[in-house]
Amino acid sequence: MERDREHVRSAFDGWKYRHYFQFDSVKTANVDSTSDGPTASKQVKIDIKPAGLGAAELKKLVAGYVVEEMLPISTVDSESFRRIIDKIPIKSGVRLPQRKSFSEYLEREYDIMNSYLKATLEEGKTFFLGVTVHWINSTLQRNKAALACKRIKGSHTFDVIGAEIEEIHSTYGLHGKVVATVADNASNFAKAFRVYQSCDLESESEKEDDEEEPTFTDVINVLSAPSTEGQVSLPPHYRCASHTINLISTSDVEKHLNSSAETKSVYRSSMAKCSALWTKASRSTLAAEQVEEISRRKLMVPTSTRWNSLYEAISRILTIPSNELNPMCVKLGIKCFTEKEYQFLKEYISVMKPLTVALDILQGDECPYGALLPTLTSLMSKTLALKDDLSKMTATLPDVIVKAIKTRFNAVLESQEGRLAAATCPKFKLRWLRDECSRVQVKELLITECRTTAAATAEVPQDSQTPASPDKMDFFDFEIQPRESFSAENEVTDYIRSGHELEILNQFPKVKKIYMKYNTPTPSSAPVERLFSLGGLVLSPKRNRLSDRRFEKLLLMRYNHLISKVTGLLLGGGNQ
């Protein structure tokens with residue numbers, strides 16, 4: 001019984017629930033040292049009376065378990081699961097509902113969660129949207145939630161994508177509140193924002209001359225679809241920085257290494273041998289055991305959906321010394337690595353490491369948009385600093401990477417939004433700028449933005465008083481003392497001289513407003529990628545009969561860690 005009870009408690013980890021037992025009395029046995037016979041030991045007896053769960057609380061806890069663990073709804077009909085539930089003290093007459101009734105209960109809980117989410121979003125003013133929504137509350141805490149994960153049937157053309165995003169905006173009342181939408185570099189997404197975005201709101205990042213793959217549209221579908229021109233209005237579009245860095249680390253680097261005969265030969269041969277090692281270890285159990293016996297670790301196999309996986313996979317191979325790696329290759333029937341190839345891989349990993357660190361920073365859930373420019377600046381300087389330690393094989397690779405960064409992020413590096421976002425992050429301020437001229441320019445830009453913010457908030461006078469009624473004398477009719485005028489220069493100067501903790505923004509209200517405006521977006525679309533990954537776990541083979549709408553509801557409930565107001569947790573796991 002105790003093991004079953006512990007299993008249920010661990011399954012409900014993270015969900016709040018009250019104590020189920022009441023301690024009514026504590027009895028202590030009297031000890032008489034003069035009595036005959038053995039001396040009685042002190043013993044505490046506790047009478048435990050189960051309080052018992054009600055029907056509502058039982059359903060809420062089970063719903064939390066099913067949603068959080070992404071289990072089929074038919075779990076509630078499982079005999080083994082019901083035996084576990086029977087071990088929990090419940091009130092007389094309370095029973096866990098069957099699948100049909102439980103499904104209806106989940107539908108009602110989803111509606112409550114959705115209403116609560118809409119009410120929460122109404123309180124905010126600016127948001128970043130990419131199916132997931134992010135916002136910063138008045139306490140400078142970043143929050144997130146998932147809004148939709150819809151299945152789009154037919155061709156995923158730019159007009160279809162634009163209409164779907166517009167519908168999500170309408171559903172949650174986000175028109176005019178979304179600061180920017182971050183998406184990857186897919187041409188259909190880029191075109192949707194380019195076509196349905198007004199010229200004055202066009203994001204600087206959209207003016208990049210990136211290499212986009214051509215998209216082919218079914219003419220019949222276009223002619224038969226209803227026109228949405230002039231009906232859809234989308235916010236500015238920021239291209240995913242993580243996706244762009246991935247293009248640099250794959251496309252640009254590979255193109256350079258294949259451009260000369262010397263590097264092309266060693267690059268292709270070393271990568272081919274790595275690929276053969278990954279294939280052998282992943283397809284043969286015996287080979288995997290031999291690799292693990294020598295390296296005491298399993299090899300990692302790179303995947304196209306994880307941007308750092310190639311770096312991590314090669315790094316894992318290089319943890320094996322060359323004098324152990326080649327004997328292992330002989331056992332597996334794979335060509336051995338030459339000394340030149342092994343050295344090339346070590347230098348390749350050394351050059352690529354700053355890119356992977358930058359990716360990890362930008363993909364974080366708590367990463368504000370203001371971290372993008374400082375990250376790119378540090379990435380370029382740290383990459384160039386590696387040149388002195390490289391051989392002729394890879395000596396030009398750092399320059400190629402830096403050139404690719406400047407090309408692909410050209411518009412971002414010069415954008416006012418990115419500079420204001422970085423300058424208003426106390427962690428960065430102006431320290432990421434390399435020369436005094438740039439620091440002066442960004443400081444003046446911040447002062448100008450502070451003046452604009454102050455002018456927008458000064459429309460309603462704060463000293464206005466309710467006029468006295470005619471039959472009452474205003475006995476203390478003194479001259480109103482003039483208020484101290486706001487100085488944008490002073491606030492910005494004091495802010496730059498202050499500390500680096502995020503909380504210091506509370507001392508500078510105008511700078512705080514600018515921070516909340518420009519740092520609401522995230523520099524990466526990684527949160528949406530995580531939503532899609534979670535969707536793959538929800539839509540398992542055992543749940544292949546889920547309808548599109550049921551799938552979306554379960555996914556959103558799981559991602560938001562919220563079933564109505566049951567748990568006491570708020571969206572994004574933070575306090576509002």
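For clarity, every value in this text was computed on a predicted model and none was experimentally measured.
Expressed to the nearest 0.5 Å, how far CG of L413 lies from CD1 of I405 amounts to 8.5 Å. The line from CG of L379 to CD1 of I245 is 6.0 Å long, rounded to the nearest 0.5 Å. Separating the CG atom in L359 from the CG atom in N246 is a distance of 7.0 Å, to the nearest 0.5 Å. Interatomic distance, SG of C425 versus CG of L420, reported as 11.0 Å (0.5 Å rounding). Atoms CG and NZ, from L505 and K513 in turn, are 13.5 Å apart once rounded to the nearest 0.5 Å. To the nearest 0.5 Å, atom OG of residue S115 and atom CG of residue D111 are 6.5 Å apart.
Side-chain contact between Y515 and I136 is present, with heavy atoms from C-beta onward closer than 4.5 Å. Counting only heavy atoms from C-beta outward, the side chains of K553 and L106 never approach each other to under 4.5 Å. K177 is not listed as a side-chain neighbour of W135, based on a closest heavy-atom distance of 4.5 Å or more. Put simply, the side chain of P235 does not reach to within 4.5 Å of the side chain of L174, judged on heavy atoms. You'll find the side chain of V492 stays beyond 4.5 Å of the side chain of K510, heavy atoms only. Here the side chains of H134 and K144 are in contact, with some heavy-atom distance below 4.5 Å. Using a 4.5 Å heavy-atom threshold, the side chains of L445 and Q441 count as separate. A heavy-atom distance below 4.5 Å is found between the side chains of K387 and D399.
In this structure, T396 and H256 approach most closely via the heavy-atom pair OG1-NE2, 3.0 Å. For the pair F409 and A241, the tightest heavy-atom approach, listed with the atom from each and the gap, is CZ-O, 3.8 Å. Of all non-hydrogen atoms in A488 and R451, the two that sit nearest each other are CB-CG, 3.6 Å. Across all non-hydrogen atoms, the minimal contact from V412 to L373 is O-CD2, 3.5 Å. The heavy-atom pair separating P354 from L386 by the smallest distance is CG-CD1, 4.0 Å. Between R434 and S381, the shortest heavy-atom contact is NH2-OG, 3.3 Å.
In this structure a side-chain-to-backbone donor-acceptor pair under 3.5 Å is missing from S524 to Q363. Remark: side-chain polar atoms of T493 are not paired, donor with acceptor, to backbone N or O of N490 under 3.5 angstrom. Listed for the K382 side chain is no donor-acceptor partner under 3.5 Å among the backbone atoms of K353. Remark: the backbone N or O of A422 is not paired with any side-chain donor or acceptor of K427 at under 3.5 angstrom. Here the side chain of R439 pairs a donor or acceptor atom with the backbone of L433 at under 3.5 angstrom. Formation of a donor-acceptor pair under 3.5 Å by the N519 side chain with backbone atoms of P368 is not found in this model.
Side-chain contact check for S525 and H243: no donor-acceptor pair (N or O, by modelled atom type) lies under 3.5 Å. Judged by distance alone, the side chains of K517 and T424 never bring a donor and an acceptor atom under 3.5 Å apart. Side-chain contact annotation: Y196 with E166, donor-acceptor N/O pair under 3.5 Å absent. For the residue pair E347 / S391, a side-chain donor-acceptor distance below 3.5 Å is found, with atom types taken as modelled. For the residue pair R142/T522, the side-chain donor-acceptor check at 3.5 Å is not satisfied.
Under the 4.0 Å criterion applied to side-chain N and carboxylate O atoms, D252 and K403 are not assigned as salt-bridge partners. One finds no salt bridge joining K60 and E57 here, because no Lys/Arg side-chain nitrogen approaches an Asp/Glu carboxylate oxygen to under 4.0 Å. Look at R558 and E69 and you find no salt bridge, because none of the NZ, NE, NH1 or NH2 atoms lies under 4.0 Å from a carboxylate O.
Shown here are the side-chain hydrogen bond (donor to acceptor under 3.5 Å, both in side chains) partners of S438, two or more places apart in sequence or in another chain: D435.
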- Item | Trace of the side chain to side chain contact (heavy atoms under 4.5 Å, CB included) decision for L234 with T181 | CA-CA 9 Å; L234 299 182; T181 301; over 6 Å; no

- Query: Stepwise, does the side chain to side chain contact (heavy atoms under 4.5 Å, CB included) test hold for M352 with L310?
  - Reply: CA-CA 10 Å; M352 300 300 289; L310 179 62; over 6 Å; no

- Task: I would like to know whether Y369 and E417 meet side chain to side chain donor-acceptor pair (under 3.5 Å); could you show each step before the answer?
- Result: CA-CA 9 Å; Y369 191 73; E417 296 88 350; over 6 Å; no

- Could you go step by step and tell me if N188 and K191 meet the side chain to side chain contact (heavy atoms under 4.5 Å, CB included) rule? CA-CA 5 Å; N188 52 353; K191 186 174 181 180; 5.9 Å; no

- Task: Any chance you could lay out the side chain to side chain contact (heavy atoms under 4.5 Å, CB included) test for I165 and H169, step after step, and finish with the verdict?
- Result: CA-CA 6 Å; I165 296 177; H169 286 192; 3.6 Å; yes

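When the options I314, T394, L318 are evaluated for a side chain to side chain contact (heavy atoms under 4.5 Å, CB included) with K346, the one that passes is L318.
Using the six-membered ring where Trp is involved, Y495 and F508 have ring planes that are perpendicular, over 60° apart on the 30 and 60° scheme.
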